[in-house]
Amino acid sequence: MKKSKFGLLKRFVPYYKKYKWILFLDLLCAALTTVCEIVLPLIVGKITSYVEENIGVSFVKEDFIKLIVACGVFYIILRIIDTCANFYMASVGHIMGTKIETDMRHDLFSHLNKLSFSYYDNTKIGTLMSRMTSDLFDITEFAHHCPEEYFISGIKLICAFIILCTINVPLTLIIFASIPFMVLSLIFFRKRMKNAFKESREQTGLINSQIEDSLLGIRVVKSFANEDVEQAKFDKSNKKLLKIKSKAYYTMGGFQSSTRLSDGLMYILVVVAGGLFLAHSKISIADYSVYLLFVSTLLTSIRRIVEFSEQFQRGITGIDRFVEIMDIEPEIKDSKNAKKLENVEGRVDFIGVTFKYTSDGKDVLTDLNLSVSAGESIALVGPSGGGKTTLCSLLPRFYEVNSGEIKIDGTSIKDVTLESLRENIGVVAQDVYLFSGSVKENIIYGKKNATDDEVIVAAKLAGAHEFILSLPDGYDTYVGERGVKLSGGQKQRISIARVFLKNPPILILDEATSALDNESERIVQASLEKLAKGRTTFTIAHRLTTIKSADRILVLSENGIEESGTHKELMEKNGKYADLYKLYSQD
């Protein structure tokens with residue numbers, strides 16, 4: 001749903017609340033700087049008027065010098081005040097804008113952390129990165145300059161109108177009557193500028209996403225010698241961005257050119273109209289000088305608004321894209337009366353569970369019923385698309401069931417807090433993700449307040465302690481982005497150590513050894529068996545020999561649970577599992 005500028009500003013204004021005194025002082029300083037600009041034409045008018053009234057009659061040179069010196073001293077004092085006020089605006093005012101940007105980025109990141117897997121399944125990370133960085137950069141300038149510029153311009157316009165009306169009402173009305181034409185040009189171009197800049201933002205996000213995709217997959221790109229393919233894809237997007245930005249700058253050029261034309265027309269209007277008033281003795285030379293100087297001040301003020309309007313559009317576009325994400329409701333969140341899941345034994349029940357990934361998609365699980373005793377080891381096997389990973393993803397509520405219910409120790413997982421639910425479930429996946437940092441930092445991710453001794457114990461249980469000590473800096477060794485400096489087996493053992501440290505009563509092993517070589521698999525499998533001991537365990541198996549000792553093996557397919565039993569029972573049954581095992585053994 002498209003949001004109005006008023007609606008966007010209404011969402012943005014509360015961010016000023018923490019910094020209201022900074023904003024107040026910033027606007028006070030803005031008023032002081034405005035006084036200097038308004039006073040200068042009045043000083044010039046005062047001096048010119050003195051000369052005009054006294055020349056050739058009672059002109060006293062000493063009095064004139066005293067007047068000039070007094071005006072000069074007064075204006076110097078104002079300029080010192082102006083300098084201090086401007087320093088505050090340029091430094092503290094900008095810092096306020098940066099603080100607001102920081103607060104918004106905090107809120108955006110916090111909100112993104114609450115969104116469910118389904119959102120990330122359909123959203124490019126590069127696009128989100130663009131919104132977290134470049135979109136919010138413009139808000140710094142917007143947050144600082146928006147109230148400041150409009151406040152200054154408002155004061156100048158109102159004060160100028162009042163002062164000029166005291167001199168000559170008809171000439172003042174003629175001048176101010178021309179201002180709406182400048183405003184009309186602003187309105188005409190403003191909408192086009194907003195659309196152009198928003199389109200530019202979106203394309204920048206797509207390029208960021210493409211760069212991220214290409215660079216993260218650089219090994220695949222190079223292994224297939226497809227650098228030219230990636231370059232061609234990038235160049236296509238890059239040229240599209242050039243086209244979009246060119247359109248935006250053409251619009252901006254038209255915008256600024258029209259205001260320059262309006263400037264010139266207003267100047268000549270004052271010169272001609274003021275000259276006619278002067279010729280008919282409707283205005284004095286001193287007042288005519290004041291008008292010329294005030295028009296310069298007025299035009300500077302209007303020009304600043306016009307120039308700021310580009311920044312205003314960028315800021316509004318940034319706020320629009322910020323609000324767009326903030327308005328996305330997390331699909332999965334705590335219920336109103338959610339309680340903490342505590343003292344978990346590990347009994348799990350799937351009751352009539354049906355699930356599909358999209359509203360118009362096909363059911364992955366249909367009316368599935370499954371009861372797992374505390375401490376029982378369950379292995380899930382079957383063809384791809386049978387729902388093995390889906391079933392395990394529903395337990396920690398990474399996705400929400402469409403119908404049915406999942407219970408832990410007799411309590412629905414919808415009635416407990418997400419944090420406590422996931423604290424009691426450990427996941428070891430095939431695709432191990434290590435954060436850019438040290439080995440220790442990655443292990444301690446399983447328990448934030450763990451001691452060094454606890455980290456070492458967890459690493460020993462995972463069979464990782466010895467290889468960690470052989471690394472250049474031991475537990476402080478930097479693992480690289482996504483753990484690129486470690487082998488697959490080493491990364492997997494660190495991820496297992498992470499779960500050992502977490503010590504959850506329920507465990508999900510999602511094809512944790514399928515991507516490893518035989519030697520690494522043997523070491524990791526031994527660690528997994530140690531980890532699974534005494535815990536309710538769900539194992540998604542690719543290599544069937546690894547799950548022979550499971551308490552129960554489930555064969556999952558599109559038709560649901562087709563077979564259930566121990567390895568021996570299922571082999572004797574000579575059904576689907578036996579066929580899969582024989583096929584695997586032959587391979």
Side-chain angles (χ1 to χ4, degrees), residues 30-83 85-86 149 151-183 258-307:
L32 291 172
T33 60
T34 306
V35 168
C36 289
E37 291 187 56
I38 292 173
V39 164
L40 183 60
L42 297 177
I43 290 173
V44 172
K46 179 74 174 174
I47 293 171
T48 310
S49 179
Y50 182 89
V51 173
E52 187 181 10
E53 290 171 5
N54 296 286
I55 194 74
V57 183
S58 57
F59 186 78
V60 181
K61 187 177 178 181
E62 290 77 9
D63 290 346
F64 183 63
I65 291 172
K66 285 179 181 178
L67 175 65
I68 290 178
V69 170
C71 289
V73 170
F74 176 65
Y75 192 69
I76 287 170
I77 292 170
L78 283 180
R79 272 296 169 193
I80 292 171
I81 294 171
D82 172 81
T83 302
N86 191 69
E149 294 294 340
F151 183 68
I152 289 172
S153 299
I155 289 176
K156 284 182 181 177
L157 288 170
I158 292 169
C159 291
F161 182 77
I162 293 170
I163 292 168
L164 293 178
C165 277
T166 61
I167 299 171
N168 189 295
V169 173
L171 183 56
T172 303
L173 293 176
I174 290 170
I175 292 168
F176 275 82
S178 66
I179 291 176
F181 292 102
M182 297 184 74
V183 174
S258 67
T259 56
R260 288 179 68 87
L261 177 63
S262 300
D263 279 8
L265 292 174
M266 184 177 275
Y267 266 121
I268 199 67
L269 176 67
V270 173
V271 170
V272 172
L276 291 172
F277 274 81
L278 192 63
H280 290 85
S281 301
K282 299 290 184 182
I283 191 172
S284 66
I285 294 173
D287 289 341
Y288 184 52
S289 301
V290 171
Y291 263 94
L292 289 172
L293 287 171
F294 258 115
V295 166
S296 177
T297 302
L298 276 174
L299 287 174
T300 302
S301 178
I302 294 168
R303 198 180 296 116
R304 280 180 70 170
I305 291 178
V306 168
E307 289 170 356

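Residues: numbered from 1 along the sequence shown.
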Residue pair [X] / [Y]: nearest heavy atoms and the distance that separates them:
X    : Y    : value
F277 : P170 : CZ-CB, 3.8 Å
L164 : T172 : O-OG1, 2.9 Å
I283 : G274 : CG2-O, 4.0 Å
T34  : K156 : CG2-CG, 3.4 Å

Distance, nearest 0.5 Å, that separates CG of L78 from CD1 of I38: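 So the gap between those two atoms works out to 11.5 Å.
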Within the 4.5 Å heavy-atom criterion, are [X] and [Y] side-chain neighbours or not?
X    : Y    : answer
I174 : L269 : yes
L32  : D82  : no
V39  : F74  : yes
Y75  : I80  : no
L173 : F161 : yes
V290 : I167 : yes

With a 3.5 Å cut-off and no angle check, do the side chains of S284 and D287 form a donor-acceptor pair?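 D287 and S284 do have a side-chain donor-acceptor pair below 3.5 Å.
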Looking at Y288 and V271, would you say the former's side chain and the latter's main chain have a donor-acceptor pair under 3.5 Å? yes
